[in-house]
Peer 1: 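Starting off with a structure, shown below.
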Amino acid sequence: MSIASSSSRGIKHALARSSRRASSRLSQQKIDIPSFLLPGLSVRHQSTSSEPTKRRDKERYNYNTSLSFSDAPDPDHVHWRRVTASELTSRKEPPTRVKMLVRDFIDDSLYNPNYGYFSRNATIFTPPKEGFDFSSFADTAAFQEAVAERYEKEYGLEPTTGQTGGLGRQVWHTPTELFKPYYARTLLSAILQSYKLNHFPHEPLILYEIGAGNGSFMIDSLHYLQQNYPEIYGKVEYRIIEISASLAKGQKERAEKEGFGDKVTVINSDFFKWDGTIDGVSKGGEACFVVALEVFDNFAHDMIRYDISTLTPFQGVVAIDSSGDFSMIYEPITDPLIRRVQAYKRLLPPSSSTTPPLSSPLLYSGLLRSLYTSLPFSANLSQPDFLPTKSILFLEHLREKLPNHRLLISDFDTLPDAVEGRNGPVVQTRYGGSMIPCETFLVKQGYFDIFFPTDFELLRDIYSVIMNSPSPSSTTTSPSTSPSSAIPPTFNNSSKQPKPLSKDFFSGVQGFRRRQVNIYKHDEFINKYGDQQQIIEKTNLKNGENVMKQLYDNAKVMF
């Protein structure tokens, strides 16, 4: 699954400088950038068309027909086929003359098995086998330089010529890899605290990891249990659900090489399609812990925009013409998953995450909205609002297949260089050794990483609604298509606005125990669960700085 890149996701200082300086370097150096990269790397509001710029209708320049404010889409789009990402998995090349929801476009761009981003020479940064010797570095800058040197030594710089220029290898790093084995031990310490309080010694420790990458968290965790908690290690069952066949094979081989073959089960499946069984046996009744590290950021989002006059939301649809150029179409919301997410948000107390992305005067005054939209060149739609639809679908599927779980999520809550809009993504690619951010998600499929910040407060509240609701399995309709299968009984599908739930509703969620769900900043979580001598002091630098707490300050943990 997704992992941290060297510009926006993790180390935001020395390694991120290449991203922030990329645009200036490109203007100073004569680099032959492949033509298909130019639209994404150019200034926002520029058409993605390779044809000469068409004359724009000045009266519609800011009329929000497209994220790029270009001309209206091809009028023939009404005849184009509507597709989903799952319907495109057998294609060898990106489709043309089709329409799809924004989440399907992003899913197809990232995960298509033939041309998706994660199918193209994607590599996870690997530190020394035993991890870095943190006490040997004078300060954070010295550590960052060591990481950068290993990065260049292991992966080098691609040439900037040829058909794809310097786009051969895309490399990411994660806190699990950079701070091995101490980051994994910190996360596992939190899990062990809950396990020993509620389950030990009568129940096994069952761990699910969604998207395990190189398997580093698995190996570090099992070594830690084996060495420090042999009585728990004897009861551990580690299960990985991995969509990538190559990564799943590597995880299984690594587990066997380290002597954990009898402890680890690798399920090569898309989690959204997993039926909740292993070797035909249902695992839904077991108490378990589910770990998702840097996974939610690459879950595709949908995009909606609100009519400023009426506050009516419209779903965004990506239209791809016969030349492979993109445009945006906005239509009334008909997608069941978008409707369901909107329904969840209406149940929550009003906040900046649940109301339309407008300023307070416009949001609460119809008269001001009417006056505003009557002004010349005024926008008729709000800024884009990116909805975490796949993240919510993940939580619903988790509720259905593993209802007795406790969930641990670690991801990024803010990202620099993001696309305009609420919870807008970062879109970037590695070119000639530099991570280059783009200003639109409408970029050539397969060549760009697209990842989102996580609104942890919104995610926690919707998670509480889902987990405190009747199980979707009680209905006969698939949770991915039913607009009401996971909505609490208090929701009414009529046009009448539902009454928001009280704050007391979010005090805890059901599962194997009713429990409070907490959100921690990265350093707060380390301070709470990291052992002072065995973990925190081991990651101190010579000058006393703790590199594990200091870096990744744009990350949070939900547990």
Peer 1: Please round to the nearest 0.5 Å and tell me the distance separating atom CG of D107 and atom CD of Q445.
Peer 2: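 With rounding to 0.5 Å, CG (D107) is 12.5 Å from CD (Q445).
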
Peer 1: Could you pull out the closest heavy-atom pair between Q315 and D335, with the gap in Å?
Peer 2: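 Taking every non-hydrogen atom into account, OE1-N, 3.3 Å.
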
Peer 1: Looking at every non-hydrogen atom in both residues, tell me the closest pair between A190 and F559 and how far apart they are.
Peer 2: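 Scanning both residues completely, I find the closest heavy atoms to be O-CE2, 3.6 Å.
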
Peer 1: Output the distance between atom OG (S391) and atom CG (L458), rounded to the nearest 0.5 Å.
Peer 2: 9.5 Å

Peer 1: With sequence neighbours excluded, tell me which residues meet ring-ring contact (aromatic ring centres under 6.0 Å, His included) with F271.
Peer 2: F394, H397

Peer 1: Report the distance from atom CG of L551 to atom CG of N546, rounding to the nearest 0.5 Å.
Peer 2: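 So the CG of L551 and the CG of N546 are separated by 9.5 Å.
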
Peer 1: Among residues at least two apart in sequence or on other chains, which ones pass side-chain contact (heavy atoms from CB on, under 4.5 Å) with S360?
Peer 2: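 Testing S360 for side-chain contact (heavy atoms from CB on, under 4.5 Å), a comparison that skips the adjacent residues, returns Y364.
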
Peer 1: Applying ring-ring contact (aromatic ring centres under 6.0 Å, His included), can you list everything that pairs with Y208, at least two apart in sequence or on another chain?
Peer 2: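 Result, ring-ring contact (aromatic ring centres under 6.0 Å, His included) vs Y208: W274.
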
Peer 1: What residues, two or more places apart in sequence or in another chain, satisfy side-chain contact (heavy atoms from CB on, under 4.5 Å) together with S309?
Peer 2: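 If we apply the side-chain contact (heavy atoms from CB on, under 4.5 Å) test to S309, skipping adjacent residues, the hits are D307, T373.
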
Peer 1: Where is the tightest heavy-atom contact between T414 and N554, given as atom of each residue plus distance?
Peer 2: O-ND2, 3.1 Å

Peer 1: Taking the six-membered ring for Trp, are F412 and F451 closer than 6.0 Å centroid to centroid?
Peer 2: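 Centroid separation for F412 and F451: 6.0 Å or greater.
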
Peer 1: Residues two or more places apart in sequence or in another chain: which of them pass side-chain contact (heavy atoms from CB on, under 4.5 Å) with P181?
Peer 2: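 If we apply the side-chain contact (heavy atoms from CB on, under 4.5 Å) test to P181, skipping adjacent residues, the hits are R185, D220.
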
Peer 1: Can the ring centres of F452 and F299 be said to be less than 6.0 Å apart?
Peer 2: no

Peer 1: Could you grab the distance from atom CE of M558 to atom CZ of R460, nearest 0.5 Å is fine?
Peer 2: 8.5 Å

Peer 1: Ion pair present between K99 and E331, side-chain N to carboxylate O less than 4.0 angstrom?
Peer 2: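 No, K99 and E331 are not salt-bridged.
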
Peer 1: For residues F386 and N423, report the shortest heavy-atom separation together with the two atoms involved.
Peer 2: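 Looking at all heavy atoms of both residues, the closest pair is CB-O, 3.6 Å.
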
Peer 1: So how far is it from L187 CG to L192 CG, rounded to the nearest 0.5 Å?
Peer 2: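 Rounded to the nearest 0.5 Å, the CG-CG separation comes out at 11.0 Å.
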
Peer 1: Can you tell me how far apart CZ (R239) and CD1 (I267) are? Round to the nearest 0.5 Å.
Peer 2: 7.5 Å

Peer 1: Nearest heavy-atom pair of K345 and I462: which atoms, and what distance?
Peer 2: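 For K345 versus I462, the nearest heavy atoms are CG-CD1, 4.4 Å.
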
Peer 1: Residues two or more places apart in sequence or in another chain: which of them pass ring-ring contact (aromatic ring centres under 6.0 Å, His included) with F525?
Peer 2: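 So F525 forms a ring-ring contact (aromatic ring centres under 6.0 Å, His included) with Y520, Y529.
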
